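Here, residue 1 is the first one in the sequence, and each next residue gets the next number. Predicted, not measured: the structure shown is a model, and the values here were computed from it.
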Amino acid sequence: MKSVSQLRQELTEVWPAAAARLPGGRLVVMEVCGTHTMAIAAGGLKGLLPEGLELISGPGCPVCVTDQSYMDQAVWLARQSGVVIATYGDMVRVPGREGSLAQARGQGARVEVVYSARQGVELAKTNPQSHVVFLGVGFETTTPATALAVLEARRDGVNNFSTFTAHKLIMPAMNALMAAGDVRVDAFLCPGHVSVILGWKAYQQIARDHKRPCVVGGFEPANILAALVEICRQVAAGTAAAGSVYPPVRADGNAAALKLIFDVFEPADAPWRAIGVIPLSGLRLRDEFAAFDTQKRFALPPVESYEMPGCRCGDVICGRCRPAQCPLFAKACTPRDPVGPCMVSAEGACAAAFKYQRR
């Protein structure tokens, strides 16, 4: 891998030709990954880019894109007698209309932070008197682990385990953003870990149909700069193709992981924060796994989708505004007292801006 200084020099050399092909000499690149967002902020990469090359955040943080109604239903579940919530840590502090999971825990609910879906199954095995609900949130990266947990629960006859799934697929969201047409996106910096599962060929459709370069990058500053150099080279040449500069990503992805996902789940319409329902963008358990589907085990109360008052997390994850443009940013909304998920999540754009980019 070339050094940051070498890649910055290459970017400087290719940039004028790229800028000359773009309106206003601007190139807007959307990073479709919360880990990229945090790495870009932590590495101070925006300060290394040529003037006119802009990075904006996209819908790649799984906690941030989860519809608010899901959080309210999760809090409702936590308050049911005999229910244990097993969840990744970031979900605990996301506020809802009836409070957060952390607040529910303070009022007596049992909410356990786990680091894998399998830990949720283990929790169910050791607590046979309770029903463990695992909050299945995330993209193609985490879905295989949830699928494995469901298979393990079925194999071992763990009937007091279910998953409340909000798993999502990244490609439908990227297509929905392009179809909306209200945000300028000239190219995509595609997520490294999701692409390990999907493969870089998955982005060929975006590159072909929308004529936008789609380049997968890793998460070190040099990885990200290498992807930006490749994007600028394509723009300068007047081309738009899918590709990867991240060695772990193969063209066709991980066939075993993809098979695992679609053996257990099937695509379904799903709500996204601020975007609305995107057809076939989510994953629901197949009928043969209904016994492990929280939505079929519990009569969940209907909750309408909504945004917390004043919060612009929805606009942030669609690239419509920067975190600092939200009137609540660093005032009423801070990591210590968050209003929206983008300030809570370790991959959230607002959390990254608060931690690394405030002036």
Q: Evaluate the ring-ring contact (aromatic ring centres under 6.0 Å, His included) criterion for residues Phe139 and His167: first the C-alpha distance (whole Å), next the side-chain angles of each, then the deciding distance (0.1 Å), finally the verdict.
A: CA-CA 6 Å; Phe139 294 100; His167 283 298; 9.2 Å; no
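- For the pair Asn160 (side chain) and Ser130 (backbone), a donor-acceptor distance under 3.5 Å is present.
- Remark: Ser305 engages Asp67 in a side chain to side chain contact (heavy atoms under 4.5 Å, CB included) (not counting sequence neighbours).
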Donor-acceptor pairs are to be reported for all side-chain atoms of residues 100-109 against protein atoms at under 3.5 Å, with residues two or more places apart or in another chain.
unit_1, atom_1, unit_2, atom_2, d
Ser100, OG, Ala102, N, 3.3
Ser100, OG, Gln103, N, 3.1
Gln103, OE1, Ser100, N, 2.8
Arg105, NH1, Val111, O, 3.1
Gln107, OE1, Arg79, NH2, 2.9

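- A donor-acceptor pair under 3.5 Å links the side-chain atoms of Ser116 to the main chain of Gln119, judged by distance alone.
- Remark: the backbone N or O of Ala241 is paired with a side-chain donor or acceptor of Gln234 at under 3.5 angstrom.
- The shortest non-hydrogen separation linking Ala86 to Leu123 is CB-CD2, 4.2 Å.
- When all heavy atoms of Val185 and Ile56 are compared, the pair lying nearest together is CG2-CD1, 4.3 Å.
- Considering Pro62, Pro341, Cys64 in turn, Pro62 is the only one that fulfils the side chain to side chain contact (heavy atoms under 4.5 Å, CB included) rule with Glu347.
- Scanning both residues, Pro95 and Pro338, for their nearest heavy atoms gives CG-O, 3.3 Å.
- Proximity of a side-chain donor or acceptor of Arg322 to a complementary backbone N or O of Gln325 within less than 3.5 Å is not detected.
- Glu288 and Arg154 are joined by a salt bridge, as a carboxylate oxygen and a charged side-chain nitrogen come within less than 4.0 angstrom of each other.
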Q: Evaluate side-chain hydrogen bond (donor to acceptor under 3.5 Å, both in side chains) for Thr163 paired with Thr165, printing each intermediate quantity in order.
A: CA-CA 6 Å; Thr163 179; Thr165 179; 5.3 Å; no
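- Using a 4.0 Å cut-off between a side-chain N of Lys or Arg and a carboxylate O of Asp or Glu, Glu112 and Arg110 qualify as a salt bridge.
- Annotation: Arg155, atom CZ; neighbour count of heavy atoms from other residues, nucleotides and ligands within 6.0 Å is above 12.
- Look at Arg26 and Glu51 and you find no salt bridge, because none of the NZ, NE, NH1 or NH2 atoms lies under 4.0 Å from a carboxylate O.
- Trp272 approaches Pro59 most closely through the heavy-atom pair CZ3-O, 4.1 Å.
- When every heavy atom of Gln73 is checked against every heavy atom of Pro301, the shortest pair comes out as NE2-O, 2.9 Å.
- In terms of modelled atom types and a separation under 3.5 Å, the side chain of Gln9 and the main chain of Gln6 share no donor-acceptor contact.
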Q: Carefully, step by step, assess Thr142 and Tyr88 under the rule side-chain hydrogen bond (donor to acceptor under 3.5 Å, both in side chains).
A: CA-CA 11 Å; Thr142 55; Tyr88 298 129; 5.5 Å; no
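- Ion pairing of Asp182 with Arg320 is present here, as a side-chain N (NZ or NE/NH1/NH2) and a carboxylate O approach within less than 4.0 Å.
- Between the CG atom in Leu300 and the OG atom in Ser69 there is a gap of 10.5 Å [rounded to 0.5 Å].
- Salt bridge status for Lys168 with Glu140: absent, with no side-chain N to carboxylate O gap under 4.0 Å.
- Of the inter-residue distances, the one linking Cys333 atom SG with Met343 atom CE reads 4.0 Å to the nearest 0.5 angstrom.
- With sequence neighbours left out, Ser57 forms a side chain to side chain contact (heavy atoms under 4.5 Å, CB included) with Glu31, Thr37, Ala349.
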Q.
Pair Phe134, Val114 - check side-chain contact (heavy atoms from CB on, under 4.5 Å), show working.
A. CA-CA 9 Å; Phe134 173 70; Val114 295; 4.0 Å; yes
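- Taken together through direct or relayed side-chain contacts under 4.5 Å among Ile, Leu, Val, Met, Phe, Trp and Tyr, Ile197 and Leu151 form part of one hydrophobic cluster.
- Within the model, atoms OG1 of Thr87 and CG of Leu135 stand 4.0 Å from one another, a figure rounded to the nearest 0.5 Å.
- Minimum heavy-atom separation, Leu48 to Arg8: O-NE, 3.3 Å.
- When the side chain to side chain contact (heavy atoms under 4.5 Å, CB included) test is applied to Ala251, the partners found at least two apart in sequence or on another chain are Trp200, Lys201.
- At least one donor-acceptor pair closer than 3.5 Å links the side chain of Thr294 to the backbone N or O of Phe164.
- Within a 6.0 Å sphere centred on CZ of Arg184, other residues, nucleotides and ligands contribute more than 12 heavy atoms.
- Geometrically, Arg97 engages Tyr306 in a cation-pi contact, judged by NZ or CZ lying under 6.0 Å from the ring centre and within 45° of the ring axis.
- In the displayed structure, Gln205 atom CD is contacted under 6.0 Å by more than 12 heavy atoms of other residues, nucleotides or ligands.
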(Q) Could you go through Cys350 and Val316, starting from their C-alpha distance and side-chain angles, then the distance that decides it, and tell me whether this counts as side-chain contact (heavy atoms from CB on, under 4.5 Å)? (A) CA-CA 8 Å; Cys350 295; Val316 169; 4.2 Å; yes
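- Checked by atom type and distance alone, the side chain of Arg212 pairs as donor or acceptor with a backbone atom of His210 at under 3.5 Å.
- Legend: residues meeting side chain to side chain contact (heavy atoms under 4.5 Å, CB included) with Gln80, ordered by chain and number and at least two apart, are Trp76, Val83.
- Electrostatic pairing of Asp337 and Lys331 does not count as a salt bridge here, judged by no charged N lying under 4.0 Å from a carboxylate O.
- Side chain of Asp293 to backbone of Gln295: a donor-acceptor contact under 3.5 angstrom is found.
- The number of heavy atoms from other shown groups lying within 6.0 Å of NZ (Lys259) does not exceed 12.
- For Phe161, there are no ring pair (Phe, Tyr, Trp, His ring centres under 6.0 Å) partners at least two apart in sequence or on another chain.
- Leu283 is not connected to Tyr70 by any chain of hydrophobic side-chain contacts under 4.5 Å among Ile, Leu, Val, Met, Phe, Trp and Tyr, and they are in different clusters.
- Here the CG atom belonging to Asp186 is positioned 10.0 Å from the CD1 atom belonging to Ile231, to the nearest 0.5 angstrom.
- Leu258 CG to Leu198 CG: the interatomic distance, rounded to the nearest 0.5 Å, is 6.5 Å.
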Q) Going through the checks in order, is the salt bridge (Lys or Arg N to Asp or Glu O under 4.0 Å) test met by Glu10 and Arg233? A) CA-CA 10 Å; Glu10 290 186 18; Arg233 282 179 177 150; 3.0 Å; yes
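- Note on ring orientation: taking the six-membered ring where Trp is involved, the planes of Phe219 and His36 are tilted (angle from 30° to 60°).
- With salt bridges taken as basic N to acidic carboxylate O contacts below 4.0 Å, none links Arg312 and Glu307.
- At distances below 3.5 Å, not a single donor-acceptor pair connects side-chain atoms of Arg93 with backbone N or O atoms of Val344.
- Checked by atom type and distance alone, the side chain of Thr126 pairs as donor or acceptor with a backbone atom of Glu122 at under 3.5 Å.
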